[in-house]
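Within every chain, numbering begins at 1; the chains are lettered A, B, ... in the order of the sequence lines, protein sequences first and strands thereafter.
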Protein chains: 2
Amino acid sequence: MDDSHPEDEAEQGAYWARRAQLLNAAVDHVAGHGIADLSLRGLGAAIGVSHRMLIHYFGSKEQLLVEIVRTSERRQRDVLSRLRLEPGLSPADVARLLWRQLTAPRLAGQQRLFFEICGHALRGRPEAALVLEGLVTDWLEPLVAAEVGAGADPALARNRARLGLATVRGLLLDLLATGDRAGVDAAMEEFLRLYYGSE
Amino acid sequence: MDDSHPEDEAEQGAYWARRAQLLNAAVDHVAGHGIADLSLRGLGAAIGVSHRMLIHYFGSKEQLLVEIVRTSERRQRDVLSRLRLEPGLSPADVARLLWRQLTAPRLAGQQRLFFEICGHALRGRPEAALVLEGLVTDWLEPLVAAEVGAGADPALARNRARLGLATVRGLLLDLLATGDRAGVDAAMEEFLRLYYGSE
DNA sequence: TCACGACTGTACCAATCGGTACATGGCGCA
DNA sequence: TGCGCCATGTACCGATTGGTACAGTCGTGA
């Protein structure tokens with residue numbers, strides 16, 4: 001065992017830069033090929049290093065998976081934070097914008113990975129377990145805050161936010177499974193009509 | 001290779017009875033322990049046979065997984081068909097009844113397995129691929145038929161059915177992840193209010 | 001120039017996997 | 001009773017896995 005990182009965290013040198021680069025490449029590969037039958041050798045060959053290096057930089061497959069899940073989660077949340085909200089948009093329009101972002105074909109691999117990780121997390125796999133905590137609550141709070149800020153009753157807003165989140169996830173799963181974008185979009189429009197009232 | 005089943009399908013002897021018994025035990029075990037890291041040896045030890053027997057009765061791990069997925073799917077659908085619909089129930093009450101059935105703690109393992117299989121299917125795993133076809137359409141048609149039978153516009157009924165199915169699945173995932181039954185139930189009530197109108 | 005330390009690859013290990021060959025046991029039938 | 005067939009278990013095989021030991025490469029400072 002000759003593996004020890006030169007500086008202990010919180011300092012970016014060539015080591016951590018390389019590590020971050022490998023991690024990003026790993027997430028890309030996993031988003032495209034799945035996490036279920038991932039092997040260090042296969043991943044290494046795909047991103048151009050030996051499996052030895054993955055162990056070197058991440059300690060073990062388990063820890064690598066933890067980092068992959070965490071990074072994938074952060075990417076997912078960035079979709080929300082990158083929303084450019086022009087003033088004057090109705091809540092329904094904001095929701096439409098977010099929906100279009102989430103269902104962009106470019107993110108399909110990432111979304112598949114999300115459901116795949118959910119499946120693993122529901123089985124208590126440690127690398128995915130931390131996702132379960134934030135799977136609902138992390139998304140609920142900003143949504144609730146938005147509705148309450150618009151003058152809604154907090155308790156009702158919480159139920160509505162939870163409902164909206166669940167519906168988006170359900171329709172996303174539908175879209176990934178069937179690929180029927182028109183049908184799923186129509187169902188989403190119907191939901192927005194119910195949710196924000198007819199227009 | 002000395003494996004050949006005595007009669008070719010469509011005849012139930014001791015062979016097929018034993019096979020069905022093993023399959024049911026396998027589905028039970030998989031519902032409780034997951035399908036991701038299933039091994040023939042581990043499964044065999046859990047249900048009291050050698051892994052050799054699983055190969056004997058199912059040909060290969062792949063075919064066993066196909067049968068497990070199919071059986072689990074059939075069980076899931078049986079929940080719907082076992083609904084005893086007393087006349088005089090409002091559509092919202094029927095939905096509530098179905099929701100309570102689907103979220104019964106007894107079925108939690110089965111529901112986890114459902115999402116786990118979805119994750120595998122989205123990656124093109126052949127044993128789960130056949131699920132993707134029926135994941136939406138198989139459930140949509142009876143729901144659409146029910147709404148159309150009640151006098152709804154067919155196109156609108158399709159969108160509404162698709163929406164309802166997605167919402168149920170999304171809330172089910174929420175429930176499995178958070179275990180917050182009260183919160184998820186409240187969100188479901190909010191959905192029913194939007195869906196069927198206030199009462 | 002030389003030594004040192006970080007980075008990386010090759011070769012290897014024990015464990016486990018799905019699948020197979022072969023031996024055993026127990027039942028029905030003549 | 002003895003023959004044969006089917007169910008089952010044991011032992012094994014090659015492939016693959018995560019992880020490790022060791023050696024080589026290369027830039028850098030004395």
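Among Gln110(B), Glu67(B), Arg77(B), the single residue meeting the side chain to side chain donor-acceptor pair (under 3.5 Å) criterion with Ser72(B) is Gln110(B). For the side-chain contact (heavy atoms from CB on, under 4.5 Å) with Ile117(B), the qualifying choice from Leu122(B), Val131(B), Leu132(B) is Val131(B), the only one to do so. For the pairing with Tyr57(A), the side-chain contact (heavy atoms from CB on, under 4.5 Å) check across Arg52(A), Arg18(A), Gln21(A) returns one residue only, Arg18(A).
Remark on DNA chain C: of its neighbouring residues Tyr57(A) and His51(A), the 5'-side contact belongs to Tyr57(A), judged by nearest-heavy-atom nucleotide. Taking for each of Leu22(B) and Gly42(A) the nucleotide of DNA chain D with the nearest heavy atom, the 5'-most of the two is the partner of Leu22(B).
One atom, CE of Met53(A), and another, P of dT8(C), lie 5 Å apart when rounded to the nearest Å. In this structure, the CZ atom of Arg19(A) is 13 Å from the P atom of dC7(C), given to the nearest Å. In this structure, the CD1 atom of Ile55(B) is 17 Å from the C1' atom of dC22(C), given to the nearest Å. dA7(D) atom P lies 11 Å from atom CH2 of Trp16(B), rounded to whole Å. Going from atom CG of Leu54(A) over to atom C1' of dG9(C) covers 13 Å, rounded to whole Å. Atom CG of Leu43(A) is separated from atom P of dG19(D) by 13 Å (rounded to the nearest Å). Taking atom CD on Glu127(A) and atom C1' on dG18(D), their separation rounds to 14 Å, with Å as the unit.
Taking side-chain N and O atoms only, Arg18(B) has a distance below 4.0 Å to OP1 or OP2 of dT8(D). Here Ser50(A) does not reach the OP1 or OP2 of dT8(C): none of its side-chain N or O atoms lies under 4.0 Å away.
Using a 4.0 Å heavy-atom distance criterion, Leu38(A) is classed as a sugar-phosphate-only contact.
With dT8(D), dG19(D), dG19(C) as the candidates, the nucleotide lying closest to the side chain of His56(B) is dT8(D). The Arg52(A) side chain lies nearest to dA21(D) when the options are dG18(D), dA21(C), dA21(D).
The base of dG18(D) sits with one of its N or O atoms less than 3.5 Å from a complementary donor or acceptor on the side chain of Arg41(A).
The side-chain contact (heavy atoms from CB on, under 4.5 Å) test applied to Ala95(B) returns Leu192(B), Tyr196(B), not counting sequence neighbours.
Using a 4.0 Å cut-off between a side-chain N of Lys or Arg and a carboxylate O of Asp or Glu, Arg162(B) and Asp180(A) qualify as a salt bridge.
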